[in-house]
Amino acid sequence: VTDETDQTSKKRSAAEAWEALEDMAAQDELDRVLSLSEKELDAELAEAGFDPERVRAKGEEVAAKILGRASADVAAPARRPGRAPWFTLASAAALAAAAAVALFVGPTPDGHRVASPPGPTPAEVKQAAELSRKGLDECASRAWRACLEDLRAAQGLDPSWKDDPRVTAAIARARSALPNADAGPPR
Amino acid sequence: MVRAVLAGAFPVLVRIGLRWTRSQADAADLAQQAILDAIAESPNPADAKAFVARAATLMRGRLSNQRAASRRRLDERWLSAAEEKSRGLRRTPEDLVATRQAKERLFQRLLDELKDDPLAGAIVAEMLKGNDTPAEQAKALAEPIDAIRNARKRVARAVDALRAAEGADDRVTGWGALEGASQAEDQRVESGSEVEP
């Protein structure tokens with residue numbers, strides 16, 4: 001298999017070449033998936049048996065959990081990256097930074113107005129949170145019109161939802177799914 | 001925004017995870033774990049693609065390690081292997097030889113699999129020479145880049161099929177796969193210079 005005449009420094013053994021081929025296959029696949037549009041990615045997920053909307057909702061949930069946990073556990077001791085169980089975060093630095101980002105961003109999954117300036121009343125905050133949750137569920141089940149109405153209502157009651165990526169993403173999906181987002185019938 | 005990066009990474013990582021596991025649940029678990037691992041390394045990711053790329057690398061390493069661990073526990077020599085590791089060596093000399101031989105066997109089988117596909121075989125030969133990128137291979141083989149990319153896909157499919165056919169004897173690729181086991185690492189271990197902290 002090896003070519004003894006090749007004197008270049010890059011030349012590999014068969015075992016090294018096998019490792020490089022595995023890396024190549026993984027990297028090419030990564031590049032391919034990263035180049036997919038959202039629609040193409042959803043199509044591939046659907047083909048694999050996933051509900052793309054649910055996968056995206058799960059992604060939002062995962063992100064919220066990670067950042068929410070970071071703010072709650074900011075004083076946790078450091079851990080070695082890659083060795084922590086999944087339900088803990090890796091290092092105090094990661095926790096602190098993520099918490100800082102979460103607070104900067106504003107909304108947190110458990111206490112939506114924790115770091116926000118004065119605004120809506122507690123009752124409005126609560127109602128907006130319920131409407132947002134309902135709207136996200138409706139978008140996940142492709143009830144676009146209801147989703148759009150509830151999420152907009154939530155934003156009207158509590159403007160901090162305008163900064164929530166789950167809500168803005170869901171609104172964008174609902175708008176793109178509805179030919180006329182404000183007047184037309186649901187698709 | 002960190003949250004958007006994390007949320008957007010999840011479906012991409014699920015799709016990538018499906019390459020290595022056919023189970024939907026496993027792919028979702030792998031993606032979730034990979035995000036946790038990657039955010040631990042880089043708490044404030046700004047570049048979504050770089051974040052996904054790093055998370056995918058960590059995901060692959062973790063999966064390989066998990067599979068390797070589960071296979072090792074089925075190995076009747078496992079206790080002695082564990083004892084060896086507890087003295088500081090990550091791998092026994094037998095592990096190293098077996099791993100290298102298995103990779104050589106897989107490489108040879110790959111050449112056999114691709115014998116009717118000259119361009120794919122040529123790609124493998126270029127990898128052996130250290131020409132890894134499509135551009136390098138296109139130049140070396142004087143072929144259009146699109147033909148090279150298509151041939152690389154065929155090579156990748158063959159690699160995956162061989163890994164699966166081997167049961168992917170993950171002792172082949174699992175050892176130290178978290179950051180990619182290398183021959184240099186093997187040599188350090190063999191010489192006894194690599195000791196766990």
Side-chain angles (χ1 to χ4, degrees), chain A residues 1-3 6 8-26 28-30 33-34 36 41-42 44-45 48-50 52 55-56 58-60 62-64 66-67 70 79 81-82 84 86 88-91 93-98 100-102 105 165-166 169, chain B residues 1-12 14-16 18-19 24 28-29 31-33 35-37 39-41 43-44 49 52-53 56-58 60-62 99-100 103-104 106-108 110-111 124 127-132 149 152-153 155-156 159-160 163 173 178 180-183:
Chain A
V1 169
T2 56
D3 178 3
D6 189 338
T8 64
S9 59
K10 294 196 295 182
K11 187 177 180 306
R12 296 180 166 117
S13 69
E16 288 171 323
W18 174 258
E19 284 181 1
L21 284 159
E22 285 193 310
D23 289 343
M24 180 203 83
D28 284 1
E29 173 69 359
L30 174 63
V33 175
L34 284 175
L36 295 175
L41 179 61
D42 283 356
E44 290 200 3
L45 288 170
F50 283 96
V55 174
R56 292 187 185 281
K58 177 75 175 171
E60 298 288 356
V62 168
I66 289 172
L67 296 178
R79 290 176 183 272
W86 95 263
T88 64
L89 287 179
S91 70
L95 293 169
V101 169
V105 166
R166 292 174 302 171
Chain B
M1 186 181 293
V2 173
R3 199 154 140 180
V5 170
L6 302 190
F10 185 77
V12 179
V14 168
R15 178 66 193 91
I16 292 169
L18 281 170
R19 177 186 175 86
Q24 290 185 21
D29 286 351
Q32 188 162 282
Q33 182 64 59
I35 289 174
L36 278 165
D37 289 343
I39 196 72
E41 278 192 5
N44 194 9
K49 281 196 173 184
V52 170
T57 302
L58 294 171
R60 182 177 164 220
R62 181 175 282 274
T99 298
R100 190 167 300 140
K103 287 177 181 173
E104 288 168 357
L106 282 165
F107 184 79
Q108 193 56 56
L110 179 66
L111 290 178
V124 174
M127 295 294 288
L128 195 57
K129 293 177 190 171
N131 292 330
D132 291 353
R149 290 207 171 97
R152 284 166 67 98
K153 288 177 190 168
V155 173
V159 167
D160 284 348
R163 274 179 57 89
T173 51
L178 193 57
S182 67
Q183 298 292 313

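Here is the naming used below: chain letters follow the sequence lines, and residue numbers restart at 1 for every chain. In this text the structure is predicted, and so the values were computed from the model without any measurement.
Residue B:Ala53 touches chain A through both its backbone and its side chain, counting heavy-atom pairs closer than 4.5 Å. With a 4.5 Å cut-off on non-hydrogen atoms, B:Arg19 touches chain A through its side chain but not through its backbone. Neither the backbone nor the side chain of A:Asp42 comes within less than 4.5 Å of any heavy atom in chain B. Both the backbone and the side chain of A:Leu21 come within less than 4.5 Å of a heavy atom in chain B.
Atom CH2 of A:Trp18 sits about 7.5 Å away from atom CZ of B:Arg163, to the nearest 0.5 Å. To the nearest 0.5 Å, atoms CD (A:Glu22) and CG (B:Leu110) are separated by 10.5 Å. For the atom pair CZ of B:Arg100 and CD of A:Glu16, the computed distance is 8.5 Å after rounding to the nearest 0.5 Å. Here CG of A:Asp23 is found 8.5 Å from OG1 of B:Thr57. Values are rounded to the nearest 0.5 Å. In this structure, CZ in B:Arg15 is found 5.5 Å from CD in A:Glu29, a value given to the nearest 0.5 Å. Between B:Arg152 atom CZ and A:Asp28 atom CG the span is 4.0 Å, to the nearest 0.5 Å.
Between B:Asp132 and A:Arg12 there is a side-chain heavy-atom pair separated by less than 4.5 Å. At a threshold of 4.5 Å between non-hydrogen side-chain atoms, the residues A:Leu30 and B:Val52 count as touching. Using a 4.5 Å cut-off on side-chain heavy atoms (C-beta onward), A:Val62 and B:Leu6 make no contact.
Nearest approach of B:Arg3 to A:Ala63, heavy atoms of both residues: O-CB, 3.6 Å. The two atoms that bring B:Leu128 and A:Ser13 nearest to each other are CD1-O, 3.7 Å, heavy atoms only. Summarising the geometry of B:Ala156 relative to A:Met24, their closest heavy-atom pair is N-CE, 4.3 Å, with the distance given to 0.1 Å. Among all heavy-atom pairs drawn from A:Ala14 and B:Glu104, the shortest one is CB-CG, 4.0 Å.
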